[in-house]
Enquirer: 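Sharing a structure below in structure tokens format, with a few things to ask.
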Amino acid sequence: MKVYNTLSRQKEEFVPLEAGKVKMYVCGPTVYNLIHIGNARPMMVFDTVRRYMEYKGFEVNFVSNFTDVDDKIIKKAVEEGISAQEVSQRYIEECKKDMAAMNVRPATTHPLATQEIGGMLEMISTLVDKGFAYAVEDGTVYFRTRKFKEYGKLSHKNLDDLQAGHRDIKVTGEDKEDSLDFVLWKPKKEGEPYWESPWCNGRPGWHIECSVMAKKYLGEEIDIHAGGEDLIFPHHENEIAQSEACNGKIFAKYWIHNGFLNIDNKKMSKSEGNFFTVREIGEKYDLQVLRFFMLSAHYRSPLNFSADLMEAAKNGLERILNAAQNLQHLQKNAVADMMTQEEAEIFAGSQAFVEKFERAMDDDFNTADAISAVFEFVKYCNTNVTEKGSRELLENLYQRLDGLCDVLGLILRKEEEILDEEIEKLIAERQAARKEKNFARADEIRDILLGKGIILEDTREGVKWKRA
RNA sequence: GGCGCAGUAGCCAAGUGGUAAGGCAUGGGUCUGCAACACCCUGAUUCACCGGUUCAAAUCCGGUCUGCGCCUCCA
């Protein structure tokens with residue numbers, strides 16, 4: 001399995017620190033509002049990475065935080081006249097709902113920054129003791145960036161370029177030793193949540209939390225650290241500096257970053273008015289469509305979002321779902337139980353698609369290529385399977401298709417829904433009407449059912465129905 | 001100014017040295033009471049442009065044009 005590592009800017013063979021196990025940390029959202037579809041990309045992408053690792057037999061310890069102390073949260077709390085904790089708790093709950101709807105599995109651990117303050121104080125103290133950090137008069141603690149010689153190794157920047165850059169990175173009123181130094185701990189302002197510390201009553205800077213949580217739940221050395229590409233600098237660069245200066249060990253072996261999601265070819269932003277929450281998309285589409293859409297491009301490429309693209313994704317996903325439902329429908333009505341010799345060969349032939357799928361995923365999680373293997377498999381099923389197929393063949397093909405889709409987090413099996421007696425009666429009545437060539441009544445019944453969200457399809461194998 | 005990414009059919013998108021996957025959309029056909037599903041056929045003599053290397057280039061090298069990202073909170 002090859003993984004593109006931002007550190008080396010190359011695809012590298014994935015070798016875990018400990019055989020059979022993967023320690024993975026993904027930077028999670030700051031919970032001050034409903035998550036947007038840009039937040040959704042890394043969630044879906046890295047959930048898929050996790051699923052594939054598990055598919056390959058790894059035991060994955062997957063940690064993803066919620067940043068629940070931050071300026072934006074405090075601002076929101078002030079606006080609503082409630083506590084910061086109430087804001088963050090509310091949006092953590094909402095985020096978990098969205099994740100479930102996107103079929104993103106909960107992490108092994110979802111730590112909260114506010115629950116890990118002790119660890120942060122400890123790490124900051126160690127950094128101060130080692131000379132990598134210093135406190136100034138008002139109690140702010142800064143990281144001494146230039147002291148960490150490898151600073152810039154992830155983002156491939158050199159410090160002098162940063163200082164000579166166009167942008168004026170100096171902020172007035174700061175008393176840092178060097179403009180590159182970043183905050184580890186800062187004093188509280190009036191009315192803000194705070195914790196006691198040796199330096200001042202205050203709260204942690206943003207970067208320190210991830211270093212601490214990764215260390216606590218995964219250890220000083222981890223396999224994979226992931227997040228959006230915008231986090232490379234400065235967030236991940238700073239994490240490396242903190243963790244490696246503190247622990248004296250390589251922090252993460254592989255750094256994986258997903259590309260940005262644009263909307264109508266523009267960066268998503270509230271001021272542009274092209275800002276969508278996952279919740280909004282969920283009102284119009286099953287969020288599986290969003291997931292399918294996101295995985296149809298490579299995770300490192302920028303991805304454009306638009307209404308047309310979602311429609312195309314919806315139609316494409318529908319094709320896979322139809323094939324799965326067809327297999328299930330045929331299976332339900334199969335006459336023969338066991339596979340014939342010929343069928344065994346058909347099933348054996350489908351192994352090729354599994355291999356193509358795995359080859360694609362092994363190559364830096366090429367989900368676009370993996371999906372093409374699924375489509376080829378779908379066509380193979382559609383052309384090789386009839387109402388004469390045995391239950392065993394149909395079950396085998398379905399399981400195989402389901403196994404691949406499960407890696408992508410796509411759910412084939414719709415919930416077992418019990419048809420109301422009324423609906424069953426209507427279907428039967430329609431069949432009778434059709435026999436009598438009373439098509440007006442037949443169409444009328446189909447429309448009635450459509451109104452109830454039931455789509456009927458008259459196939460060679462009989463009437464099929466599905467939920468809209 | 002520094003660092004980096006991208007340009008493949010109407011659209012989306014793989015492919016990074018061996019002669020262009022897959023999907024959506026379009027048009028035609030099979031099936032069918034109709035619709036839907038499915039299947040068959042329909043598409044790039046060509047991969048932004050110009051040079052070069054090679055028996056062979058979308059893939060490597062040089063240049064040009066265009067779009068984008070990061071360097072500041074950001075997934």
Side-chain angles (χ1 to χ4, degrees), chain A residues 6 9 11 26-30 35-46 67 70-72 152 155-158 160-169 171 206 226-235 237 257-262 265-270 292-293 296-298 300-304 306 308-323 325-326 329 356 360 363 366-379 381-386 433-435 437-440 442-443 446-447 450 455-461 463-466:
Chain A
T6 306
R9 290 183 172 166
K11 286 183 194 171
V26 180
C27 289
T30 301
I35 58 166
H36 57 250
I37 55 178
N39 292 307
R41 169 119 102 143
M43 287 179 181
M44 289 171 170
V45 163
F46 299 121
T67 296
D70 163 271
D71 288 342
K72 286 181 290 240
S155 52
H156 302 92
K157 295 177 187 303
N158 76 63
D160 298 322
D161 286 346
L162 282 173
Q163 281 195 318
H166 260 194
R167 290 165 187 276
D168 185 6
I169 51 178
V171 181
W206 174 40
E229 65 181 353
D230 55 317
L231 297 183
I232 295 171
F233 189 89
H235 185 55
E237 197 69 71
H257 295 97
N258 65 276
F260 250 57
L261 183 79
N262 296 320
N265 291 310
K266 281 185 202 145
K267 185 167 171 170
M268 182 164 60
S269 78
K270 280 184 176 167
F292 178 79
F293 166 73
S296 68
H298 189 92
R300 280 189 282 117
S301 307
L303 178 60
N304 193 39
S306 74
D308 286 353
L309 263 12
M310 275 299 279
E311 278 302 312
K314 183 186 170 204
N315 293 338
L317 176 61
E318 198 70 28
R319 179 172 163 79
I320 296 170
L321 265 25
N322 277 336
Q325 291 201 355
N326 189 233
H329 181 260
K356 179 178 174 184
D363 182 18
N366 191 335
T367 52
D369 226 5
I371 285 174
S372 83
V374 171
F375 274 116
E376 286 172 40
F377 185 23
V378 160
K379 174 165 253 174
C381 291
N382 287 338
T383 44
N384 282 295
V385 148
T386 68
R434 291 178 72 209
K435 249 184 202 153
K437 299 209 185 295
N438 181 358
F439 297 122
D443 287 349
R446 184 165 57 191
D447 287 343
L450 185 61
I455 296 171
L456 296 187
E457 289 174 1
D458 301 323
T459 70
R460 284 181 296 258
E461 299 89 33
V463 183
K464 287 196 298 188
W465 64 272
K466 63 182 182 183

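A note on names: the letters A, B, ... follow the listed sequences, proteins ahead of strands, and every chain is numbered from 1.
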Enquirer: What is the nucleic acid contact for A:Asn366, judged by heavy atoms within less than 4.0 Å: base, sugar-phosphate only, or nothing?
Expert: sugar-phosphate
Enquirer: Just wondering, do A:Phe439 and B:G33 stack (centres under 5.5 Å, planes under 30°)?
Expert: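 Taking the rule of under 5.5 Å and under 30°, the ring of A:Phe439 does stack on B:G33.
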Enquirer: A:Ile37 vs A:Phe293, test: side chain to side chain contact (heavy atoms under 4.5 Å, CB included). Steps then yes/no.
Expert: CA-CA 11 Å; A:Ile37 55 178; A:Phe293 166 73; over 6 Å; no
Enquirer: Between atom NZ in A:Lys314 and atom P in B:C12, what is the gap in whole Å?
Expert: 20 Å
Enquirer: What nucleotide, of B:A14, B:G69, B:C34, holds the atom closest to the side chain of A:Glu229?
Expert: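 The listed nucleotide nearest to A:Glu229's side chain is B:G69.
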Enquirer: Say whether, by atom type as modelled, one donor and one acceptor occur between the side chain of A:Ser306 and the main chain of A:Leu309 under 3.5 angstrom.
Expert: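 Confirmed, A:Ser306 side chain pairs with A:Leu309 backbone.
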Enquirer: Do the side chain of A:Asn158 and the base of B:G2 come within less than 3.5 angstrom through a donor-acceptor pair of N or O atoms?
Expert: no
Enquirer: Could you tell me how far B:G7 sits from B:A14 if I compare only their P atoms? Round to whole Å.
Expert: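 About 9 Å, rounded to a whole number of Å.
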Enquirer: What I'd like to find out is whether the side chain of A:Ile371 reaches to under 4.5 Å of the side chain of A:Phe292, using heavy atoms alone.
Expert: yes
Enquirer: Answer yes or no: is there a donor N or O on one side and an acceptor on the other, between the side chain of A:Arg41 and the main chain of A:Phe260, under 3.5 Å?
Expert: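 Side chain of A:Arg41 to backbone of A:Phe260, a donor-acceptor pair under 3.5 Å: yes, one is there.
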Enquirer: Using a 4.5 Å cut-off on heavy atoms from C-beta on, say whether the side chain of A:His36 contacts that of A:Met268.
Expert: yes
Enquirer: Whole-Å distance between B:C39 C1' and A:Glu376 CD?
Expert: 16 Å
Enquirer: Please work out if A:Ile371 contacts a base, only the sugar-phosphate, or nothing of the nucleic acid, heavy-atom cut-off 4.0 Å.
Expert: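 Result for A:Ile371 = nothing.
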Enquirer: When the C1' atoms of B:U26 and B:C68 are considered, how many whole Å apart are they?
Expert: 31 Å
Enquirer: If we take the C1' atom in both B:U42 and B:G51, what is their distance in whole Å?
Expert: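 About 37 Å, rounded to a whole number of Å.
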Enquirer: In whole angstrom, give me the gap between the P atoms of B:C40 and B:G4.
Expert: 47 Å
Enquirer: Looking only at heavy atoms, which two atoms of A:Ser155 and A:Arg9 are closest? And how far apart?
Expert: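 Looking at all heavy atoms of both residues, the shortest contact is O-NH2, 3.9 Å.
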Enquirer: Give a yes/no on whether any side-chain N or O of A:Asn258 is located under 4.0 angstrom from OP1 or OP2 of B:A75.
Expert: no
Enquirer: Start at the 5' end of RNA chain B and walk down; is the nucleotide closest to A:Thr383 or to A:Lys11 reached first?
Expert: A:Lys11
Enquirer: With a 3.5 angstrom cut-off on both distances, give the Watson-Crick or G-U wobble partner of B:G10, or none if there isn't one.
Expert: B:C24
Enquirer: Considering only B:C37, B:A75, B:C71, which nucleotide approaches the side chain of A:Phe233 most closely?
Expert: B:C71
Enquirer: Provide the distance between the two P atoms, one in B:C61 and one in B:C70, to the nearest whole Å.
Expert: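 Their P atoms lie roughly 26 Å apart.
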Enquirer: Counting any heavy atom closer than 4.0 Å, what does A:Lys437 reach on the DNA or RNA strands: base, sugar-phosphate only, or nothing?
Expert: nothing
Enquirer: Assign each of A:Asn322 and A:Gly259 to its nearest nucleotide of RNA chain B by heavy atoms, then name whichever residue's nucleotide is nearer the 5' end.
Expert: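 Nearer the 5' end of the strand: A:Asn322.
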Enquirer: Taking pairing as Watson-Crick or G-U wobble with both contacts under 3.5 Å, can you name the mate of B:G43, or confirm there isn't one?
Expert: none
Enquirer: For B:G62 versus B:A57, give the span between their C1' atoms, rounded off to a whole number of Å.
Expert: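 Between the two C1' atoms, the distance is 15 Å.
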Enquirer: Quick one: look up who B:G18 pairs with, Watson-Crick or G-U, both distances under 3.5 Å, and put none if it's unpaired.
Expert: B:C55
Enquirer: Looking across every strand, which nucleic acid part, if any, lies under 4.0 Å from A:Gly38 by heavy atom: base, sugar-phosphate, or nothing?
Expert: base
Enquirer: State whether A:Ser301 places a side-chain N or O below 4.0 Å from either non-bridging phosphate oxygen (OP1 or OP2) of B:A14.
Expert: yes
Enquirer: Distance check needed: B:C39 P versus A:Asn384 CG, whole Å only.
Expert: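 Between P of B:C39 and CG of A:Asn384: 11 Å.
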Enquirer: As an exercise, state the distance from CG of A:Leu321 to CD of A:Glu318, rounded to the nearest 0.5 Å.
Expert: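 Taking CG in A:Leu321 and CD in A:Glu318, the distance rounds to 6.0 Å.
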Enquirer: Contact class for A:Asp458 vs. all strands (heavy atom < 4.0 Å): base, sugar-phosphate, or nothing?
Expert: base
Enquirer: Rounded to whole angstrom units, what separation is found between the CZ atom of A:Phe293 and the C1' atom of B:C12?
Expert: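 My rounded result for the distance is 8 Å.
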Enquirer: Figure out the NZ/C1' separation between A:Lys379 and B:A21, and round it to whole Å.
Expert: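 Rounding to the nearest Å, NZ of A:Lys379 and C1' of B:A21 are 12 Å apart.
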Enquirer: Choosing from B:G2, B:A14, B:A75, which nucleotide comes nearest the side chain of A:Lys157?
Expert: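 Within the option list, the nearest is B:G2.
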Enquirer: Of all the nucleotides listed (B:A36, B:A14, B:A75), which has the minimum atom distance to the side chain of A:Asn39?
Expert: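 Of all the options, the side chain of A:Asn39 is nearest to B:A75.
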Enquirer: Listing time: all N or O pairs from protein to nucleotides 5-11 of chain B that are below 3.5 Å?
Expert:
none

Enquirer: Can you tell me, in whole Å, how much space there is between the C1' of B:U53 and that of B:G63?
Expert: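 Nearest-Å result for B:U53 against B:G63 at atom C1': 15 Å.
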Enquirer: For a quick check of understanding: with a heavy-atom distance under 4.0 Å over all strands, which category does A:Leu456 fall into, base, sugar-phosphate or nothing?
Expert: base
Enquirer: Say you pick atom C1' in B:U19 and the same atom in B:U8; how far apart are they, in whole Å?
Expert: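 B:U19 and B:U8 have their C1' atoms separated by 15 Å.
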Enquirer: Are B:A75 and A:Phe260 stacked, with the base six-membered ring and the side-chain ring centres under 5.5 Å apart and planes under 30°?
Expert: yes
Enquirer: For A:Gly152 versus A:Glu237, what's the shortest heavy-atom pair and its separation?
Expert: N-OE2, 2.9 Å
Enquirer: Mind checking if A:Asp369 touches a base, just sugar-phosphate, or nothing, with heavy atoms under 4.0 Å?
Expert: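 Base, at least one base heavy atom under 4.0 Å.
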Enquirer: Would you mind pulling out the nucleotide paired to B:G69, Watson-Crick or G-U wobble, both distances under 3.5 Å?
Expert: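 Partner of B:G69: B:C3.
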Enquirer: Taking any heavy-atom pair under 4.0 Å as a contact, classify A:His36: base, sugar-phosphate, or nothing.
Expert: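 Base contact.
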Enquirer: Of the options B:A75, B:C39, B:A21, whose atoms approach the side-chain atoms of A:Ser372 most closely?
Expert: B:A21
Enquirer: Does any nucleotide pair with B:U64 by Watson-Crick or G-U wobble geometry, both distances under 3.5 Å, and what is it?
Expert: B:A48
Enquirer: Once you apply the 3.5 Å cut-off to both distances, tell me the Watson-Crick or G-U wobble partner of B:A75, or none.
Expert: none
Enquirer: Do any N or O atoms from the side chain of A:Asn366 and from the backbone of A:Asp369 form a donor-acceptor pair under 3.5 angstrom?
Expert: yes
Enquirer: So if I apply the side-chain contact (heavy atoms from CB on, under 4.5 Å) rule between A:Glu457 and each of A:Gln325, A:Lys466, A:His329, which one comes out positive?
Expert: A:Lys466
Enquirer: Taking atom NZ of A:Lys464 as the centre, report whether more than 12 heavy atoms of other residues, nucleotides or ligands fall under 6.0 Å from it.
Expert: yes
Enquirer: Summarise how protein sits on nucleotides 25-30 of chain B as a single string, 5' to 3': B when a protein heavy atom is under 4.0 Å from the base, S for sugar-phosphate-only contact, - for no contact.
Expert: S-----
Enquirer: How many angstroms lie between CG in A:Leu456 and CG in A:Leu450, if you round to the nearest 0.5 Å?
Expert: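 Here the rounded value is 8.5 Å.
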